[in-house]
Protein chains: 2
Amino acid sequence: MGKNNMVKKGEQTEEKIVEAARAIFHEKGFHGARMQEIADSAEINKGLLHYYFKTKDALFEKVFGIAFHKMFGIMANAMNSDLPLPEKLEKFVGIYMDVLAYNSFLPVFVLSELNRNPDKFIRKIFSVSGRPNMEPFFNQVKAEIAAGRIKDVDPRKILMNTMSLCVFPYVARPMFQAIMNISNPEFKKMMQNRKEEVIELITVMLKP
Amino acid sequence: MGKNNMVKKGEQTEEKIVEAARAIFHEKGFHGARMQEIADSAEINKGLLHYYFKTKDALFEKVFGIAFHKMFGIMANAMNSDLPLPEKLEKFVGIYMDVLAYNSFLPVFVLSELNRNPDKFIRKIFSVSGRPNMEPFFNQVKAEIAAGRIKDVDPRKILMNTMSLCVFPYVARPMFQAIMNISNPEFKKMMQNRKEEVIELITVMLKP
DNA sequence: GTCTATATCATGATAGAC
DNA sequence: GTCTATCATGATATAGAC
């Protein structure tokens, strides 16, 4: 009980730290984030913060790992199912748009950190268990093309276009809102219908 | 001549500084960049660097201003011409893809810094002279819709989709290369044909 | 304009009491 | 586990000689 309480307290504290760190790293990136700010936001002091995570790097790794999994675990999940192609793409777009709706900062964070250190990322993506393996998807597309059911398009470009249409509006959100004078609620409304619109676009793109 | 030489030397030095700063800020962002590194890269010392740009912020503003102009001046340029809609979109995509090909880091830089400080950006975009005004374009689209020449699509979404397809592959370049195992030359080759592919996609999207 | 040396300050990290 | 106090470093910025 004494021990149990302590463990529980410790877990709670660690959760608070990770959540505070997530928010701040996502918003400001690795170099922009301050350990002091994370400690304040988690309502503890720097000493304790370093007790849980010895270095800023360690804490960052924790946060980035979670974000990485959110971004690529999903992809693997949708892509490695054995749904027929149209349903698979629909599922992919659906899950992605849902995650993005609740994690606005996620893509900018992952993509800019990834840009800051591409080599590390490549190592990571090849070591992680849930690595998105695109071959099954690519083969499926080729089979559909061979059967004449879709247009002859490079499968890599299908993935590229689909992701662009899903993710970019979030990456460039402040830009779009500024140049087109869109309020926050209005933006959210635009994104609600987007799921269907993207699927329709992809469908048109693949029509033979 | 003494004076002329000095002025010229000064200009050369400033150019070297700005170019070095551009490369480093683009790659590492504001907080990731170090004044020491910029000085080294420009082959001068920190003292002289601060002689030309009193603060890191001032230097950053210079660099960001140029990037901003590259990214949005173009947009304004293409959008405020009085070409008919299909040609206008073609021009827009064409110019954009060319700029991106030679400025790979540009969009991640602008977008992530913009995300770091959206308010400042909004102020900037409303004050800068070359501000991209989208109204003429939007009106043009509405006219085309009214005339039944294109499908009834929200003009803001046309812009959003077009930009997504152009810019996102560069923003997510390391990701795409990693998950699809694409080499640098291969990526560049993929991007070469992309201009036409994007235009075709937009065309299909607008077909009544 | 250019350099060296230095001031100043903020930040990540540690030590040690409770 | 949690806190306070402190260290050590590294980064921006300035002063002043040439």
Side-chain angles (χ1 to χ4, degrees), chain A residues 1-65 109 113 116-117 120, chain B residues 1-65 109 113 116-117 120:
Chain A
M1 7 220 113
K3 199 180 174 186
N4 266 334
N5 278 334
M6 266 194 270
V7 170
K8 206 165 176 198
K9 197 79 183 286
E11 276 172 11
Q12 272 174 232
T13 308
E14 179 158 343
E15 275 169 32
K16 272 175 76 178
I17 291 172
V18 173
E19 169 50 24
R22 185 203 59 77
I24 291 170
F25 276 132
H26 279 216
E27 190 185 335
K28 311 196 169 177
F30 177 79
H31 285 111
R34 302 288 143 214
M35 292 298 268
Q36 182 65 63
E37 197 184 350
I38 292 170
D40 290 349
S41 170
E43 293 172 297
I44 55 166
N45 55 50
K46 275 195 296 181
L48 191 55
L49 180 55
H50 277 96
Y51 171 81
Y52 279 93
F53 294 91
K54 208 157 184 2
T55 64
K56 188 182 180 182
D57 278 272
L59 179 52
F60 181 80
E61 276 310 307
K62 176 80 179 179
V63 168
F64 187 80
F109 170 66
E113 294 302 325
R116 191 168 65 82
N117 208 337
K120 195 175 118 192
Chain B
M1 25 205 71
K3 199 179 173 187
N4 267 334
N5 279 332
M6 266 193 268
V7 171
K8 205 164 173 198
K9 196 83 183 286
E11 278 171 10
Q12 273 174 233
T13 308
E14 179 158 344
E15 276 168 31
K16 273 174 74 179
I17 290 174
V18 173
E19 169 49 24
R22 185 202 59 77
I24 291 171
F25 277 132
H26 279 214
E27 191 185 334
K28 312 194 171 180
F30 178 79
H31 284 113
R34 301 284 105 124
M35 292 298 267
Q36 182 66 63
E37 197 184 350
I38 292 170
D40 291 348
S41 170
E43 292 173 298
I44 56 166
N45 55 51
K46 277 194 295 181
L48 191 54
L49 180 54
H50 277 96
Y51 171 80
Y52 279 93
F53 294 90
K54 209 158 185 357
T55 65
K56 187 182 180 182
D57 278 274
L59 179 53
F60 181 81
E61 276 309 306
K62 177 81 179 179
V63 169
F64 187 80
F109 171 66
E113 293 302 326
R116 192 169 62 83
N117 208 337
K120 195 175 119 193

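It should be emphasised that the depicted structure is a prediction, and the values quoted were computed from it without experimental measurement. Numbers restart at 1 for each chain; the letters A, B, ... are given by sequence-line order, proteins then strands.
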* **Value in whole Å for how far the P atom of D:dT12 lies from CG of B:Leu48** => 16 Å
* Asked: Once you round it to whole Å, what is the distance between C1' of C:dT4 and CD1 of B:Ile44?
  -> 14 Å
* To do: Take the protein atom CD1 of A:Ile17 and the nucleotide atom P of C:dG12, then report the distance between them rounded to whole Å.
  => 15 Å
* **Rounded distance in Å - CD (A:Gln36) to P (D:dT6)** => 16 Å
* Report the C-alpha separation of B:Ile17 and B:Lys62 in whole Å, then their side-chain angles, then the decisive distance to 0.1 Å, and conclude whether the side-chain contact (heavy atoms from CB on, under 4.5 Å) test is met. => CA-CA 11 Å; B:Ile17 290 174; B:Lys62 177 81 179 179; over 6 Å; no
* **Touch class at under 4.0 angstrom, heavy-atom based, for A:Ala33 against every strand present** => sugar-phosphate
* Asked: Rounded to whole angstrom units, what separation is found between the CD atom of B:Glu14 and the P atom of C:dT2?
  -> 11 Å
* Between A:Lys120 and A:Glu113, does at least one N-O distance fall below 4.0 Å, as a salt bridge requires? -> no
* To do: Considering only NZ, NE, NH1 and NH2 on the basic side and carboxylate oxygens on the acidic side, decide whether B:Glu19 and B:Lys16 come within less than 4.0 Å.
  => no
* Using atom CD of B:Glu11 as one end and atom C1' of C:dG1 as the other, report the distance to the nearest whole Å. => 13 Å
* Structure fact -> When every non-hydrogen atom of A:Lys56 is compared with those of A:Phe30, the smallest separation belongs to NZ-O, 2.9 Å
* Out of C:dC3, D:dT2, D:dC3, which has the shortest distance to the side chain of A:Asn45? -> D:dC3
* To do: Give the ring-plane orientation class for A:Phe25 versus A:Phe60, where under 30° counts as parallel, over 60° as perpendicular and anything between as tilted.
  => perpendicular
Write down the protein N/O and nucleotide N/O pairs, taken from nucleotides 13-18 of chain D, whose separation is under 3.5 Å; answer none if there are no such pairs.
from	atom 1	to	atom 2	distance (Å)
D:dA13	OP2	B:His50	NE2	3.4
D:dA13	OP2	B:Lys56	N	2.6
D:dT14	OP2	B:Lys54	NZ	3.1

* Within the structure, does a side-chain N or O atom of A:Arg34 lie under 4.0 Å from either OP1 or OP2 of C:dA10? -> no
* Taking CG from A:Leu49 and P from D:dT4, how many angstroms apart are they, rounded to a whole number? -> 14 Å
* To do: Search all heavy atoms of B:Asn45 against all heavy atoms of B:Leu48 and return the closest pair with its distance.
  => OD1-N, 2.9 Å
* Whole angstrom is fine here: how far is it from CD in A:Gln12 over to C1' in D:dT2? => 14 Å
* **Heavy-atom pair of closest approach, residues B:Leu49 and B:Met35** => CD2-O, 3.3 Å
